[in-house]
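The structure under discussion appears below in the form of structure tokens.
Worth knowing before you read on, the calculation uses all heavy atoms, side chains too, and leaves out hydrogens, waters and symmetry mates.
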Amino acid sequence: MSRDYVLQPFRPAVHLQIDYARELNEQQLAAVTSPPGPSLVIAGAGSGKTRTLTYRVAYLLEQGIPPDRILLLTFTNKAAKEMMRRVAELLGQEMASLWGGTFHSIGNRILRQHAGLLGYERDFTILDREDARHLITACVAESGVDIKTTRFPKAEVLGDVFSLAVNTHRTIPEVLRAQYDYFSKLAPQMDDIRQRYAARKRRSNAMDFDDLLALWLKLLQEHRDVSEHYQRRFQFVLVDEYQDTNRLQSDLIDLLAARHGNVMVVGDDAQSIYAWRGANYENILKFPKRYPEAKVYKIETNYRSTPEILKLANAAIAANVHQFAKQLAPSRKSGTKPVLVACNDDAEQAAFVAQRVLQLREEGEDLNKMAVLYRSHFHALELQLELTRRNIPFSITSGIRFFEQAHIKDVTAYIKLVTNPRDELSFKRLAQLLPGIGGKGAEKLWKLFDAEVQRPTSNVQHRVAAAMQSCAGSVPAKAATAWAQFTTTIAQLEADDVRTNASKMIRLVVEAGYEDHLKENYANYRSRLEDLEQLAVFTRQFETVEDCLTQLALLTTLEAEEGQPAGRDDERLRLSTIHQAKGLEFDIVFVIMLCEGLFPSARSLETEEGQEEERRLIYVAITRARNELYLSYPLVRATPGAGGDVMQEPSRFLREIPGELMEEWNLRSF
């Protein structure tokens with residue numbers, strides 16, 4: 001017979017260096033000084049989440065908890081280092097022994113100690129995306145899949161499918177049904193390749209980034225002594241941005257905190273916007289169910305935005321059923337009401353944003369502190385053109401402008417080649433999209449093609465296609481079928497009723513096989529296809545194909561200059577998708593394209609979960625603004641497949657916001 005005897009540690013009287021009551025507001029103080037046990041901190045936008053977590057670490061240390069008994073999990077190493085730096089400044093001592101970092105960095109640290117238990121050596125290699133791609137490509141070749149007769153996904157897409165399966169605890173067929181339904185029939189072959197990939201990694205003593213989490217969890221689940229060691233060691237587990245964790249990460253957290261139960265997770269359910277990347281919204285929503293003894297702390301005082309902007313944010317998220325109810329409360333003085341602008345069309349919306357940006361700059365506002373946010377990258381097409389016309393410098397958060405993306409450049413290369421058969425770069429770009437044709441092969445074919453296309457020919461209408469046909473005998477056997485299809489597509493583009501219409505040309509290229517290319521090569525196939533559909537719409541405004549190509553060239557050749565000094569000559573208006581702007585803040589924010597079917601997106605309207613995530617997305621957009629907020633939408637818009645312009649409904653999110661919270665501006669022209 002045995003029984004537990006609780007050993008109470010001796011603690012001398014605590015003399016705190018920090019006056020927590022003076023440094024924190026009442027809600028922050030409650031969370032920071034919370035007693036041991038599970039706790040969920042719902043930290044609203046701009047409420048000082050990082051400050052709360054930092055002071056919590058300092059408070060634990062001042063209570064006598066040794067630094068090496070605390071585990072701080074974040075989503076970026078930068079965030080972890082910043083928090084530990086702040087703690088060190090608060091307490092006047094270094095925190096070298098405190099375990100802080102990303103999930104992956106902590107997983108790597110633990111696996112290095114116990115790799116042998118999993119059949120690895122301690123000096124295992126970590127594969128980056130390029131390494132993983134090469135290894136998966138080798139596994140595809142080894143598997144015997146006939147990629148000539150089967151439209152099989154490329155290694156990058158396979159890697160994304162495998163990653164999603166690992167991080168969400170789903171099977172390959174389940175992932176395919178949910179997000180890659182067009183590959184569902186290939187589930188057995190893909191599962192086989194996944195197993196080959198795992199075996200090759202083990203033989204090579206290598207892990208990819210997902211293994212750092214999956215094998216860490218496997219280690220803890222299958223080796224009880226190791227699990228108990230870390231459960232005893234980490235007396236307190238703190239997690240930042242908990243709303244962005246996936247199923248695998250939440251399982252790790254629960255397992256590590258199982259002994260002491262001292263787990264504090266900090267996040268904002270209203271800012272959970274990454275379900276498409278595998279983040280599990282239910283982790284934060286159901287935390288109190290998994291931990292019935294958990295205390296929930298809400299931090300609702302916002303230090304970022306004006307009261308007027310916060311009222312709008314509270315109203316925007318109110319319709320969501322699945323959330324922790326909260327009201328952001330202002331700490332700042334009153335400002336101007338958010339502005340709602342209905343524009344005639346995309347062009348007028350772009351003109352409004354450009355003109356207002358210039359006015360604000362003349363009033364002394366810094367371009368670097370202004371941002372235009374949108375749901376999808378293609379929403380800013382017209383705006384990029386307008387900003388370029390007016391010589392307003394701008395940067396794209398991703399660093400890749402719309403017209404510089406591979407799929408946009410591929411499709412426009414078809415138009416360029418038909419318009420100008422002497423375009424060597426476009427020819428080579430398209431040739432290298434075909435199987436078995438690399439740089440040298442493309443060079444050889446170009447010389448043959450160029451010589452042929454310059455010869456006088458009676459078939460002027462199909463000049464490019466005829467020249468390509470004459471090169472067919474020099475095409476590698478692997479590419480013969482694809483070259484024939486390529487030639488046919490070019491011939492169709494050269495038809496009189498097509499070659500003078502850039503929009504028709506784009507749609508023809510997509511339908512003639514480029515859509516299949518997108519499926520095979522890109523995990524985000526649907527969004528890229530949507531880009532091309534919108535590009536076809538965008539090009540309708542140009543009178544000639546040549547004019548269209550000229551304007552696209554103007555937009556493409558401007559460099560995206562990120563991270564420039566904030567001097568007056570280096571100001572840049574920030575253009576960003578809302579997903580990429582999360583965590584940032586700006587003095588002035590424009591949110592554009594607030595139309596039904598665009599924001600919220602048409603696909604999201606199919607499910608309640610999709611609609612709620614879109615509503616959280618507009619909440620994130622609104623709460624990026626400090627001083628001024630402008631919401632806009634076009635009344636009329638050209639749409640893919642439509643013969644002309646169609647009326648647009650304002651976003652349901654605008655209809656859900658009481659009118660008195662916004663000031664409507666009616667645009668009129670001189």
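- Under the 3.5 Å distance criterion, the side-chain polar atoms of D587 are left unmatched by any main-chain donor or acceptor of K369.
- Closest non-hydrogen pair, R572 versus P393, comes out as NH1-CB, 3.5 Å.
- At a threshold of 4.5 Å between non-hydrogen side-chain atoms, the residues F236 and L71 do not count as touching.
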#### Entry: Stepwise salt bridge (charged side-chain N to carboxylate O under 4.0 Å, His left out) check, E656 with R652
CA-CA 6 Å; E656 291 168 355; R652 65 187 59 197; 5.9 Å; no

### Query
Are L387 and V357 close enough, and set up right, to give a side chain to side chain contact (heavy atoms under 4.5 Å, CB included), and what steps lead you there?
CA-CA 10 Å; L387 294 173; V357 162; 5.8 Å; no

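- Considering every non-hydrogen atom in both V620 and A270, the closest pair reads CG2-O, 4.3 Å.
- In terms of modelled atom types and a separation under 3.5 Å, the side chain of Q323 and the main chain of I317 share a donor-acceptor contact.
- Between the side chains of E613 and S272, no donor-acceptor pair is found at a separation under 3.5 Å.
- Within a 6.0 Å radius of CD in Q359, other residues, nucleotides and ligands contribute more than 12 heavy atoms.
- In this structure, N524 contributes its side chain and S527 its backbone to no donor-acceptor pair below 3.5 Å.
- With Q27 contributing its side chain and E300 its backbone, the two residues share a donor-acceptor pair below 3.5 Å.
- Heavy atoms of other residues, nucleotides or ligands lying less than 6.0 angstrom from CD of E363 number more than 12.
- Scanning both residues, I396 and Y374, for their nearest heavy atoms gives CD1-OH, 4.3 Å.
- Note that CD1 of I657 is 5.0 Å distant from CE of M662, once rounded to the nearest 0.5 Å.
- In this structure, R85 pairs ionically with E89, as a charged nitrogen and a carboxylate oxygen lie closer than 4.0 Å.
- Using a 4.5 Å heavy-atom threshold, the side chains of L367 and F394 count as separate.
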Distance-only check: which donor-acceptor pairs under 3.5 Å involve side-chain atoms of residues 281-289, not counting sequence neighbours?
{"unit_1": "Y281", "atom_1": "OH", "unit_2": "H322", "atom_2": "O", "d": "2.1"}
{"unit_1": "E282", "atom_1": "OE1", "unit_2": "K286", "atom_2": "NZ", "d": "3.4"}
{"unit_1": "N283", "atom_1": "OD1", "unit_2": "S250", "atom_2": "OG", "d": "3.4"}
{"unit_1": "N283", "atom_1": "ND2", "unit_2": "T245", "atom_2": "O", "d": "3.1"}
{"unit_1": "N283", "atom_1": "ND2", "unit_2": "T245", "atom_2": "OG1", "d": "3.0"}
{"unit_1": "N283", "atom_1": "ND2", "unit_2": "N246", "atom_2": "O", "d": "3.0"}

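- Looking at E530 and R526, no side-chain N of the basic residue comes within less than 4.0 Å of a carboxylate O on the acidic one, giving no salt bridge.
- To the nearest 0.5 Å, the span separating CG on L661 from CG on L340 amounts to 11.5 Å.
- Remark: F103 CZ to I253 CD1 distance equals 4.0 Å, nearest 0.5 Å.
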### Query
Between M647 and V636, does a side chain to side chain contact (heavy atoms under 4.5 Å, CB included) hold up when you go through it step by step?
CA-CA 5 Å; M647 293 296 294; V636 174; 3.6 Å; yes

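- Under the 3.5 Å distance criterion, the side-chain polar atoms of E628 are left unmatched by any main-chain donor or acceptor of T336.
- In this structure the side chain of I622 reaches within 4.5 angstrom of the side chain of I309, judged on heavy atoms.
- Partners of K311 by salt bridge (Lys or Arg N to Asp or Glu O under 4.0 Å), not counting sequence neighbours: none found.
- Put simply, the side chain of R375 never gets that close to the backbone of L617: no donor and acceptor are under 3.5 Å apart.
- We find the OG1-CG distance between T54 and L24 to be 10.0 Å, quoted to the nearest 0.5 Å.
- Taking D210 as the reference, nothing meets the salt bridge (Lys or Arg N to Asp or Glu O under 4.0 Å) condition, with sequence neighbours excluded.
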What pairs of donor and acceptor atoms, side-chain ones from residues 32-44 against any protein atom, are under 3.5 angstrom apart with sequence neighbours left out?
{"unit_1": "T33", "atom_1": "OG1", "unit_2": "L29", "atom_2": "O", "d": "2.7"}
{"unit_1": "S34", "atom_1": "OG", "unit_2": "A31", "atom_2": "O", "d": "3.1"}
{"unit_1": "S34", "atom_1": "OG", "unit_2": "R56", "atom_2": "NH1", "d": "3.4"}

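- Paired with D346 under the rule side chain to side chain donor-acceptor pair (under 3.5 Å), one option of R637, H379, Q541 passes, and it is R637.
- With R332 contributing its side chain and P307 its backbone, the two residues share no donor-acceptor pair below 3.5 Å.
- More than 12 non-hydrogen atoms from other residues, nucleotides or ligands lie less than 6.0 angstrom from OH of Y274.
- A donor-acceptor pair is defined here as one N or O able to donate and one able to accept, closer than 3.5 Å; such a pair exists between the side chain of E612 and the backbone of V321.
- For N391, the CG atom counts as loosely surrounded, since its 6.0 Å shell holds 12 or fewer non-hydrogen atoms of other residues, nucleotides or ligands.
- How far CZ of R574 is from CE of M370: 13.5 Å, rounded to the nearest 0.5 Å.
- Residues satisfying the salt bridge (Lys or Arg N to Asp or Glu O under 4.0 Å) test with K295, not counting sequence neighbours, are none.
- You'll find the side chain of I588 stays beyond 4.5 Å of the side chain of F586, heavy atoms only.
- Under the 4.0 Å criterion applied to side-chain N and carboxylate O atoms, E386 and R390 are assigned as salt-bridge partners.
- F653 and F599 have perpendicular rings, their planes meeting at more than 60° on a 0 to 90° scale where under 30° would count as parallel.
- Proximity of F538 to Q384: side-chain heavy atoms (C-beta onward) are nowhere separated by under 4.5 Å.
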### Query
Does the pair Y633 and L635 meet the rule for a side chain to side chain contact (heavy atoms under 4.5 Å, CB included), with working shown?
CA-CA 7 Å; Y633 64 94; L635 293 166; 3.8 Å; yes

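- Checked by atom type, the side-chain pair E23/Y55 shows a donor-acceptor distance below 3.5 Å.
- Residues D268 and K326 form a side-chain contact, since some pair of their non-hydrogen atoms from C-beta on lies under 4.5 Å apart.
- Put simply, the side chain of L252 does not reach to within 4.5 Å of the side chain of I106, judged on heavy atoms.
- Side-chain N or O atoms of S601 include none that pairs as donor or acceptor with a backbone N or O of L598 at under 3.5 Å.
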### Task
Start with the C-alpha gap between Y522 and D160, add the side-chain angles, then the distance that decides, and say whether side chain to side chain donor-acceptor pair (under 3.5 Å) holds.
CA-CA 9 Å; Y522 300 108; D160 283 320; over 6 Å; no

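- Note that CG of N302 and CG of L310 are 4.5 Å apart. Values are rounded to the nearest 0.5 Å.
- Ring-plane geometry between F590 and Y630 is classed as parallel, the angle between the planes falling under 30 degrees on a 0 to 90 degree scale with a further cut at 60.
- For E241, the salt bridge (Lys or Arg N to Asp or Glu O under 4.0 Å) partners are K49, K582, not counting sequence neighbours.
- Using modelled atom types, one finds a donor on one side chain and an acceptor on the other under 3.5 Å when comparing N314 with Q327.
- The closest donor-acceptor contact from the side chain of E649 to the backbone of E596 lies at 3.5 Å or more, if one exists at all.
- Looking at every heavy atom in both residues, Q648 comes nearest to P634 through CB-O, 3.3 Å.
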